[in-house]
Amino acid sequence: MSCPASPWPALVVVMPLSAAFLCFVLGQRWRGTPLLISLLATALCCVGSLEILRELAASGPISYRLGGWRPPWGIEYRIDGLNAFMLLLISSVGMLATLYSARNVPLEVPGGVPHYYALHLLLIAGLLGMSITGDVFNLYVFLEISSLAAYALIASAGGRGLRASFNYIVMGTVAACFYLLGVGYLYAVTGSLNMADLAGLLPPLRHSPVVVIALAFLLTGLAIKVALVPLHAWLPDAYAYAPSSASVLIASLMGKVGLYAMMRLLFSVFPALLGSLPVLPLLCGLGGCAVIVGSVLALAQMDFKRMLACSSISQVGYIVLGVGLANDRALTGALLHVLNHAVMKGALFMAAGAIIQMTGQRDVRRFGRLHHRMPLTATVVLLGALSMIGIPPTCGFFSKWYLLLGSLEAGSWASAGVILLSSLLNAIYFFRVIERSLMAGGEPGGRSEAPLSMLLPMAVLGAAILLLGIFNQAIVAALLAPALRLAPWR
Amino acid sequence: MEMRPLLAILVSLGAAVLILLTGERHRNLRELWSIGAAVAKFALVLSLLGPVLRGETVECTVLRLYPGLDLCLRVDRLGLLFALTASLLWVLTSVYSIGYMRSLGYGEQTRYYACFALAMSSTLGIAFAANLLTFYLFYELLSVSTYPLVAHLQSPEAIRAGRKYLAYTLGSGTVLLGAIALTQRLAGTLDFRAGGFLQGSAPPEVLRALLLAYMIGCGTKAAIMPLHSWLPSAMVAPTPVSALLHAVAVVKAGVFGCLRVLGFVFGPQLLRQLGATVPLGIACGATILVASAFALAADNLKRRLAFSTISQLSYIVLGAVILSPDALRGAVLHLPFHAFMKITLFFCAGAIYAETHRENVSQLDGIGRRMPLTMGAFAIGSFGMVGIPPVCGYLSKWFLCLGAAEGSLPSLCIYLSSALLNAAYFLPIVYAAFFREGGQETREASALMVGPLLVAAAGTLALGIFPNALGVMELAGGIVREVLP
Amino acid sequence: MIELLVARYNFWIAVVLMMLGFYAMMAKRNLLKKLIGMNVFQTSIFLFYISLGARRGGTIPILDAGGPYINPLPHVLILTAIVVSVSTTAVALSVLIGIKRTYGTIEENELPR
């Protein structure tokens, strides 16, 4: 354990936080500044997370004490392979989403550009903070920062987004309160809020009902946040009616960070309880249900963004399933799917936003001739869809492959069946889109491709879908293996 | 490292990209890419023939996909035989396509040529796959890349056929994936090995279930009944697609998969132990007879050819299941031979359709006098299907019958009665075309179509007379020695 | 049973408040009432936390004061949580204003589906 001199762990969170403030203040006067500031801040976050990753590889897990207070009294940022992986994911997707928003936000949130970017950065800061912190209460604070930003972002487009946002606020607050309550119970029995400290204090208390209830509250809270079936009802509207660039950010990252928090709590704080409580089998079952329920819900959707949102419910299920199986392969699959799903959902939501912006169509049935009108966007939709179905060599196949082998290794035939069945269900609703965009006639009209600032991040994520798949072993070796190895539960 | 197998796959992948970039505006250039890639691909595959005949195994590991599992290409005899057939026939088809697509004025031709090139990449990938994961990768790509070709006409019927095609291929692909994952779990490896590698890895019940999953996975593309019904529906596709993909590449990929699974995953010994040969044989035998009956009843020419394909594909699988050296030799030979014969027949059907817009058998009276070259070729193909020497079909059927006589008499009966049925549904067409009266004003189709179909017919004859052209006999002999030592 | 109720009355009050809030959030059709329910729900948790730190006869935790101190940490934490709760309420209220402006009502059953 090293206490590095490098300030990156703090900067990675502080930069977007202060940039959010700057956006708001400077944006009132100079119209172009919020975008520039956001781009700069997210780019710096990327640099920061790469630096952290490098440091991690050189000297092992990093412990950063905020204000120099010693844990367990002060807040500790504790970075191992898993956090570093999440930081890199959040900051890079965040940067692409910022770039994407350049030409989209002025159209969808007219008059609110500085506010939008302030919230956008707050959301990113909250997510980064959630991933980096080693303190359960600090996690709550960042959870709320990101949630508040997300509520406001979803509402910022007005219209149906307002309803969605209000529902989300109610559900999200319940979730946060549950989490807070769980933290309270933990604190009542252990007197500590530091994750590493808690992990040391909990084993003797593992039969205490208070600890069990604490775990139940914490997990329920996070389950609402990640929209795990049966607590998913808020999600489809919230993802579907947010402004397009906000949907990209929220759909590809928010759930993932919630899942990260879940893994962190399970494996870094509560490993002592996993043996005596049926938590993992429960997660396994819920994950399996989520996979199927999400796919079936998506089957019924004709609104492209809603369909993608419902499919997110099922993809969250995959990851929870992997976490529940909890063997090496399944966990690798779950982490790989965190990355892959962020990339492919990001790409698909970007494409959906571009389609809505250029053609005004959200309805899948009216996507005819899309590959003539917006060839690049249609290609990204195709790649994303194939990856969601799990056609090799796209990245979606490989996470599925790991999860499949993981379930066979755990002897869980049901999970293997669920994974296979769901790829068929995915095929049904995604090929509906492909069939429309490729085969159906539609409104004539020449090419009307989205502006470059939208195409570029879309193309980057589209290419990533292929590259992450083909070179998945490099990712597994460079990012996921350390994430699994350095995580304290080993 | 030997790059030729990889290049053979990449060359048409590159062509697909070039085709998309060239687009409709320079269509001659676009089609030049297609032909160029086909020729280059055939040359690359042909250049591998020498080393393989000398007994070398050409291998090329591209990259790692999973710990202990690579994207690995290995050219062995069976793979090369399939690759040779597919790549040679692609050269003919890409010329034929130009004539067909232009004379019928179909739209979206850029997509058509690009998907065709992509499908051929996947086919070669399947042929050269060294392990099941690589095989699956290309197998799924083949399903996806051929979907736009099936639904090409974009009519409601075509779109329905496309959906059915996807449902069958992706559904079976999913079962196949499950089987592959279980194999990885049981055996810890997915590398094809002549004679199989699953021996003793699990209790027999599990292995039987696994075999069933594999046969569903590969048997769907091989159109073994009752998983065949996508194939007749897919005949709505443009004829070159039916010709190359649904008589050669896709369905043969399924058959090839069955052969790989039977000979290189399970192996003859294990198949005997599991008692799997009889049920598989019954399924294939039933498919042969029932499909022939359907073919007799079909009036639509392409539909009749499709059912004939279904029955002929099961010839191959049945031959492999009998597990006698001669039957296996016959099965392996039937793979290229049937491809040549069937593509000739499809080319003829397409030429007739392009020129006269007739697609029913009952409308073909007297057409042989107007289109003598086309119908002459058709006659050659038909004779081959029946098994009349010297057209190549007789040779593979001879070996199949020889093996069946030695291994399983019911199979012999099936082969012989099917030959009769073949005669019953093909020869009347030839008879009607040449000897019945029919006074339509038609002429031969464009040279771009007649040329390839004549070459294909000539190839069919040549393979019958010089069976060792392209080393086919030698390759088949080698495969038999590998799998059934 | 009675003893448990009496000894831990702070917990029970928190539970009762929480259920009241939860009921309002789930059962009320008026969005503003839902919001009020949400606030009650949050407050119950704050009270629970604060009562955790309380100590009979304890004084403020300043070293000079001497004697048993109450635990300050829960209070500090709840200060943060209250800030969060206020901001949530603010966001929710502004969303409600937006809903009222857009649809002219904040009754859930009158809003278009």
Side-chain angles (χ1 to χ4, degrees), chain A residues 328-329 332-333 336 368-369 371-372 375 378-379 382-383 385-386 389-394 397-398 400-411 413 416-417 419-428 430-432 434-442 469-474 476-477 481, chain B residues 20 23-24 62-71 107-108 110-111 115 122 125 133-145 147-148 150-156 158-160 162-163 165-167 169-186 209 213:
Chain A
D328 247 8
R329 254 174 270 281
T332 311
L336 196 57
R369 294 187 76 251
H371 74 299
H372 277 297
T379 311
L382 181 70
L383 275 174
L386 292 183
I389 298 167
I391 305 282
T394 54
F397 168 74
F398 289 96
K400 213 166 271 188
W401 171 251
Y402 273 97
L403 287 170
L404 198 55
L405 286 181
S407 10
L408 289 178
E409 190 175 314
W413 295 85
I419 292 168
L420 291 176
L421 176 66
S422 130
S423 47
L424 281 186
L425 293 174
N426 286 356
I428 296 176
F430 274 111
F431 261 103
R432 194 160 57 199
I434 296 177
E435 184 188 282
R436 285 283 131 186
S437 85
L438 216 55
M439 297 296 162
I470 295 172
F471 299 108
N472 82 85
Q473 280 306 295
V476 169
Chain B
L20 283 176
E24 195 63 48
V62 184
L63 50 87
R64 179 140 286 208
L65 293 179
Y66 180 79
L69 261 179
D70 298 311
L71 179 64
E108 302 277 5
T110 305
R111 183 180 80 202
C115 288
S122 323
L133 193 63
T134 314
F135 177 82
Y136 178 76
L137 193 156
F138 290 111
Y139 198 75
E140 289 289 90
L141 274 184
L142 184 63
S143 306
V144 173
S145 59
Y147 159 73
V150 173
H152 186 85
L153 298 188
Q154 302 186 189
S155 62
I159 286 182
R160 261 200 310 280
R163 284 182 193 162
Y165 181 69
L166 272 182
T169 50
L170 290 183
S172 64
T174 306
V175 177
L176 183 64
L177 176 63
I180 292 173
L182 187 57
T183 309
Q184 164 75 14
R185 173 84 193 118
L186 293 177

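To find a chain, count down the sequence lines: A is the first, B the second, and so on, and within it residues start at 1.
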Are side-chain heavy atoms of B:Ile180 and B:Tyr139 found at a separation under 4.5 Å?
no
Looking at [options], which makes the most heavy-atom pairs under 4.5 Å with chain A?
{"options": "B:Leu166, B:Val175, B:Leu141", "value": "B:Leu166"}
{"options": "B:Leu20, B:Leu186, B:Leu133, B:Leu137", "value": "B:Leu137"}
{"options": "B:Gln184, B:Arg185, B:Arg64, B:Arg163", "value": "B:Arg185"}

With only heavy atoms counted, which part of [X] is less than 4.5 Å from chain A, the side chain, the backbone, both or neither?
{"X": "B:Leu153", "answer": "neither"}
{"X": "B:Phe138", "answer": "neither"}
{"X": "B:Leu176", "answer": "neither"}

Where does A:Arg329 contact chain B at under 4.5 Å (heavy atoms): side chain, backbone, both or neither?
side chain
For A:Asn472 and B:Leu65, indicate whether the former's side chain and the latter's backbone hold a donor-acceptor pair under 3.5 Å.
yes
Report yes or no: does B:Thr174 contribute a side-chain atom to a donor-acceptor pair with the main-chain N or O of A:Leu421 at less than 3.5 Å?
no
Which residues pass the side chain to side chain contact (heavy atoms under 4.5 Å, CB included) test with B:Gln154, not counting sequence neighbours?
A:Met439, B:Glu108, B:Arg111
Hits for side chain to side chain contact (heavy atoms under 4.5 Å, CB included) against A:Ile470, two or more places apart or cross-chain, chain-then-number order -> A:Pro393, B:Leu63
Within the 6.0 Å centroid threshold, strictly below: B:Tyr66 and A:Tyr402:
yes
